[in-house]
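Quantities reported herein were computed from a predicted structural model and do not represent experimental measurements. The basis for the numbers below is simple: all heavy atoms, side chains too, and nothing from hydrogens, waters or symmetry mates. Proteins get letters first, then strands, A, B, ... in listed order; numbering begins at 1 in each.
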2 protein chains.
Amino acid sequence: MDLIHTDPRPGAFASRRGDAAAKREAVLKTAAQLFLEKSYGRTSLNDVADRLSVTKPALYRYFRNKEEILLECYRVGVGLIGSALDDIAPRCGTGLERVEAFILAYANAMTVNFGRCVMRLDEGDLSEDARGEVRAYKRKLDRRLRSFIQQGIEEGSIARCDPKIAAFAIAGALNWICMWYRPDGALSPQEIASQFAGVLTRGLAAGESRRVVRKSTNSDSGKVDGRRFVKKDTNNRHRNHSLLYQEPHE
Amino acid sequence: MDLIHTDPRPGAFASRRGDAAAKREAVLKTAAQLFLEKSYGRTSLNDVADRLSVTKPALYRYFRNKEEILLECYRVGVGLIGSALDDIAPRCGTGLERVEAFILAYANAMTVNFGRCVMRLDEGDLSEDARGEVRAYKRKLDRRLRSFIQQGIEEGSIARCDPKIAAFAIAGALNWICMWYRPDGALSPQEIASQFAGVLTRGLAAGESRRVVRKSTNSDSGKVDGRRFVKKDTNNRHRNHSLLYQEPHE
DNA sequence: CCGGTATGTTACCCGTGGGTAACATAGCAG
DNA sequence: CTGCTATGTTACCCACGGGTAACATACCGG
């Protein structure tokens, strides 16, 4: 049973003497949902408690304070992204292939609630120490991507460019996913991931002869990091005519 | 004299009977600065007043309430971006060229405080009506970009792809600029813009023969939309070894 | 020099939300 | 059944920040 990708169980607080870990998890998940819906600042602990049909002080049995909930969201999300990326370095050969794998894995993580939290919530709401922890992690992510690019340039699979700026561009495109992605939207995570990989590695420009943008019929579709993907709207795609920034949730 | 790109004049509130418009402008600019430094939610009107060496109620002579300040930031930023983009459609030919021009102009706008406000501040802090206004504008931006891509695909200058997702990728990369760009950082706006244009249109992959990434020695450097760019750090670039998400301001 | 007015300030109200102490009870052990 | 303890609830405190009313004064015209 997956503890990260599923929604919070509504009856977690049904019985009084119940699994404490399960309750803590339910608190965390509903908090993450609300943080994504309304932002951390506009979410009160009463909101979280209400959605769980409890009262605010009950939450303090599972978390020391509001910030600890936020930090835990970051930690879970960071773990999620980390484990998604961990196995790409050994599996791939060229720098370009590694970047492509990075894009696929990262885009996917950006469609999971906790993953979205990592890039969408505001570090400014964390204490000094916690912020340092999160930043250190993000730095590691960036270094990884940049080293892939660097490697690709050296070996010739990637065009000469400033690896730092290129990494900013790719990471930006990926990070922004968490701003517009909706779980119930028309675009499936793997569709997004494969299209992003195409645009970012091969660019928009029509190469002389090469490339027909590969339709998402790759063999690795169907399941990624334990979550099942649904092929939604295969015939009538792109119904959701939104944009740079989409209507907010709820 | 440019009213948008300059910093707020410190002595704006020096004399009591002074230019009211100038004071209003000073309030707006310092507010925008603080919103970018600490976020809207963590910026109190006392903070704004303190930086201007006045007291909170004085601000209410120039704005009805806090939200009106925020909305005005959006409006100025939106105007900024809009006018930067307005003259690219006529000037360029192919869809690909238009997209490239879009990237250059937009990236540039994302390095101006008010431009950054548009994508970085949280629409959730606006009232229903104001949010609608801002969203309508962002929708227009997105439609413009998407139509350029569409045009490029039809005429063959852009590779076949999903224009919607491609637009998301490009807009995401560009929007994210406002999250890491620092006016006093090592990267100059036009350097960022031209590198972004390269990566996004031609992609990372090394084409068989083509391309050496054009260094930013283009003729249009030096001045863009009225602001003078300084060539910083030309010899020792890329000193700032940050990442996916950079240290916050201040 | 003298009012009058635009501009700012001091002092305050009040809603909101994080956090806590004291109390209530569900559910198990014996 | 009896009481003990983990779990929740009620009732509260307090800081903070948006917003306002009433007062003070700098500057201008006359």
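For B:Arg16, counting side-chain heavy atoms from C-beta on, the closest listed nucleotide (C:dT9, C:dG17, C:dT7) is C:dT7. Minimum atom distance to the side chain of B:Ser44 is reached by D:dG18, of the listed D:dG18, C:dT9, D:dC27. The side chain of A:Asn65 approaches C:dG19 more closely than any other nucleotide in the set D:dG19, C:dG8, C:dG19. The side chain of B:Lys66 lies closest to D:dG19, out of D:dG19, D:dT9, C:dG8.
Nearer the 5' end of DNA chain D, as judged by each residue's closest nucleotide, is the contact made by A:Ser53, out of A:Ser53 and B:Tyr40.
Under 3.5 Å, the side chains of A:Asn65 and A:Tyr60 contain no donor-acceptor pair of N or O atoms. Under the 3.5 Å distance criterion, with hydrogens and angles disregarded, a donor-acceptor pair is assigned to the side chains of A:Lys29 and A:Thr6.
Of all the heavy atoms in A:Tyr74 and A:Leu121, the pair that sits closest is OH-O, 3.0 Å. Across B:Leu3 and B:Glu25, no two heavy atoms sit closer than the pair CD2-OE1, 3.6 Å.
The ring of B:Trp180 has its center closer than 6.0 angstrom to the ring center of A:Phe168.
Here B:Tyr62 lies in heavy-atom contact (under 4.0 Å) with sugar-phosphate atoms only.
Taking the centre and axis of the six-membered ring of B:Phe63, the NZ or CZ atom of B:Arg24 falls inside the cone set by 45° and 6.0 Å.
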Check nucleotides 20-22 of chain D for protein N or O atoms closer than 3.5 Å to its own N or O atoms and list the pairs.
none

